[in-house]
Structure formats: structure tokens, C-alpha cells
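In each ligand, atom 1 is the first atom listed, and ligand 1 is the first ligand listed. Computed from a prediction, not measured in an experiment: that's the story for all the values here.
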Amino acid sequence: MTSQFRTGPVEVGALAPKDDMRPVFRFAPSPNGYLHIGHAYSALRNFDMARRRDGRFILRIEDIDTDRCRPEYEQAIFEDLEWLGLTWDEPVLRQSEHFSAYAKAVEHLQERGLLYPCFCSRLDISRVVTDRRDWPRDPDGGPLYPGTCRHLSEEERARRIASGQHAALRIDMAQAVGQIGQLLGWPEYGEGEDVRDIHAEPSLWGDCVLARKDIPTSYHISVVVDDARQGVTDIVRGKDLFDATSLHRLLQELFDLPTPRYHHHDLLRDPTGQKLSKSTRAKSLRALREEGVTAQDVRKRLGFS
Ligand code: GLU
């Protein structure tokens, strides 16, 4: 039971229209590059499912990483989605304008005693784990945090902060899971109407970072807060985010937020089998457009009429 730790639900504030019972789907790109055909697939899946379920479709700009995100990429998102024939409910939420909402969520975790400052650099961490080939890794392949800063005394933390050392905030995963005290899961839709219950395993992420010195939040915090306050009922996104959902379920539970339904769709791959991504320089939708490919061609290739 969690009662002794309860500080009340985190106040996320509703941004969804009241009394609108329609399901809500969202496409939530980050404007750190141009959209490619994998994004088109995800956006079209959301849009198509929203239509078929008489739902709403919203667009959210996930630009918390203000160093890497650019206005021209954001503008290109609007143009590319319009080109594909998509329309979305206004207003569009831009996450960089909502840091205070994410700060409240971070504070909530602090009040529950679930965050601690970590002063380790990547190098510090790799020094600890390098000699251990079997060191456990998180689902993204990074080494699980060895816990170096978890047991620093309050005095030591204060001393380091006062001396100007920057700290990231990590979740104390064992404590968080202990406070929830029950197994978590989520309903996962298959390709059709079939639904499976998936068992969440947040511990796979260890004591991961939930806020940084340069970005006072993280993808995990802001996505969970915004999905809740925008009333998102159905989260349709690529299988690359399947394991992140375990962590999102833990945060939703800690914040006392509802559990959405999920569908993690297959990822589009290049001929070598690699997942399409901005970092592997997948061809952008605008490059295809310049080559004379039409929106209809793209939709057809992706299986949408
Ligand atoms: N902003 C994330 C991305 O562009 C997607 C987040 C999500 O769908 O949960 O990869």
C-alpha cells in the first residue's frame, strides 16, 4: 500500500475540453530534424485510428531539448503533415512553453523522497562499469546506474551543490517500486481489436535520470504529464518506445494519473534491417516530395488509402 507516502495527486491541470468523451490520439514529434517516412507511418496510424474510433487527433511538439530543436524543423512538421492530408485539433501544445508544469511533477517526486542528485559524469559511470562485461544495461543499451550518488549524505550533497557542481536528478527505482507496492501493467492493442495485458517492468531502467541540469525535465516526465492533461486515451507509437512504457506506467501511478491504452506499432526499416531514424539519415518527407513523390504515393506505400 502506498498510503503513508501519498502526497495527493500531482496537479497537472486539464488542457482537454470538458465533457468531450471521445477518445484522444496524439502524434508527438520532436523538431530536431525533418520527418521521414517512419514518422509519416506513425502519424497516419494515429490519424486513421482516431477517425475509425470517432476520436480526436492532436499534435504535440516535444521540444524540451531546446539546444537540438529548431523552429524551422517545427515549421516543417506542420507543412509535412498538411501535405500528407492530416488535420489536428488546435491548439498545438509546445512543450518548451510548459516547463513549470513539468517542474511540479518533479517536485512531487522530490516530496515523496524519490529523487536524488547525481554528480557523476558519463565517464565516472563508465569507470565503474567498464571492467564488468556482464554489467546490466537498460532497454536503450546504456549501463544501469551503479548507484554511486544514491547514498551521499545530505551534508555532502549540499556541499557539492554549494561548490557549484551540477547535479542530475535520478529516481530511486527500488524505493519508487516499493512505494507503489503492486504490480503494474497496461492494455496493449494488437493490430486489430485484440487487447493484451502487459506487465510493466520499470526496474529495467534502474535509477534513470528524470531531470538534468540543462533540461529541468525529461522526455519521461513531460510525456506522462502532457498525455494526462491533454486527456490522451490512446497512445499509438513505435515499438522502440515499448519498454519506456513500463517507466511511464510507474510515473503515472506515482502521479495518480489514469492509464491510457497503448499500441506500439512495427517500425519501418531500411533494406539492411536498420530502424529508420534521423540519426541514420533516413530520407526526409520533404526530400521525397522534391523528387516528385506525391502524398498519395506515400500513403499507398504505407498501406493507407
Ligand atoms: N517525441 C518522441 C519522438 O519524437 C515521441 C514520443 C512519444 O510518442 O511518446 O520520438
Side-chain angles (χ1 to χ4, degrees), residues 12 23-50 55-70 73-78 80-81 84 86 88 92-99 102 105 139-141 186 188-189 198 200 202 205 208 210 215 217-252 255 257-269 274-282 284-285:
V12 290
V24 180
F25 292 74
R26 60 30 163 212
F27 178 56
S30 298
N32 53 13
Y34 291 119
L35 299 187
H36 54 66
I37 198 143
H39 294 110
Y41 180 68
S42 204
L44 285 162
R45 279 302 298 257
N46 271 287
F47 187 74
D48 192 57
M49 286 173 83
R56 296 171 53 220
F57 173 66
I58 61 176
L59 171 63
R60 181 166 72 226
I61 301 295
E62 299 210 324
D63 59 349
I64 54 169
D65 187 348
T66 46
D67 274 351
R68 291 177 60 220
C69 294
R70 302 255 153 80
Y73 292 137
E74 180 184 311
Q75 187 53 36
I77 290 173
F78 296 132
D80 291 346
L81 296 180
L84 280 172
L86 305 192
W88 49 88
V92 171
L93 186 150
R94 188 182 288 120
Q95 287 189 324
S96 60
E97 294 167 1
H98 294 265
F99 281 115
Y102 315 135
D140 286 344
W186 73 85
E188 172 81 22
Y189 275 83
I198 306 289
W205 294 94
C208 59
L210 291 184
I215 307 174
T217 178
S218 54
Y219 158 63
H220 304 297
I221 294 276
S222 41
V223 81
V224 160
V225 167
D226 284 340
D227 283 335
R229 60 196 192 136
Q230 294 191 288
V232 174
T233 55
D234 293 79
I235 297 182
V236 176
R237 60 187 177 194
K239 285 203 165 118
D240 51 341
L241 290 169
F242 183 88
D243 288 314
T245 301
S246 281
L247 180 55
H248 299 177
R249 282 292 302 116
L250 176 70
L251 293 173
Q252 285 157 357
F255 297 151
L257 299 174
T259 313
R261 294 181 286 259
Y262 287 87
H263 171 63
H264 294 90
H265 58 70
D266 284 337
L267 298 173
L268 265 54
R269 300 190 178 272
Q274 244 204 328
K275 159 192 149 191
L276 293 185
S277 73
K278 289 168 190 156
S279 51
T280 58
R281 302 193 178 280
S284 67
L285 291 176

Of the options Arg261, Arg249, Arg26, Arg237, which is the one that meets Asp227 in a salt bridge (Lys or Arg N to Asp or Glu O under 4.0 Å)?
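Filter result, single survivor: Arg26.
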
Under the side-chain contact (heavy atoms from CB on, under 4.5 Å) rule, collect the residues that match up with Pro260, sequence neighbours excluded.
Ile235, Gln252, Tyr262

Any heavy atom of Leu241 under 4.0 Å from ligand 1? The part involved is side chain

Give the minimum heavy-atom separation between Glu74 and Arg94, together with the two atoms involved.
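For Glu74 versus Arg94, the nearest heavy atoms are OE2-NH2, 2.7 Å.
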
When you measure from atom 6 (C) of ligand 1 to each heavy atom in His264, Glu62, Arg237, which option holds the nearest one?
Glu62

Output yes when a side-chain donor or acceptor of Asp63 lies under 3.5 Å from a complementary backbone atom of Ser96, and no otherwise.
yes

Of the options Val225, Asp226, Thr217, which is the one that meets Gln95 in a side chain to side chain contact (heavy atoms under 4.5 Å, CB included)?
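Option passing the side chain to side chain contact (heavy atoms under 4.5 Å, CB included) with Gln95: Asp226.
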
Numbered atoms and elements of ligand 1 in range of [X], under 4.0 angstrom, heavy atoms:
{"X": "Val223", "result": "9 (O)"}
{"X": "Arg26", "result": "7 (C), 8 (O), 9 (O)"}
{"X": "Tyr219", "result": "6 (C), 7 (C), 9 (O)"}

N/O separation below 3.5 Å, Ala28 to ligand 1:
yes

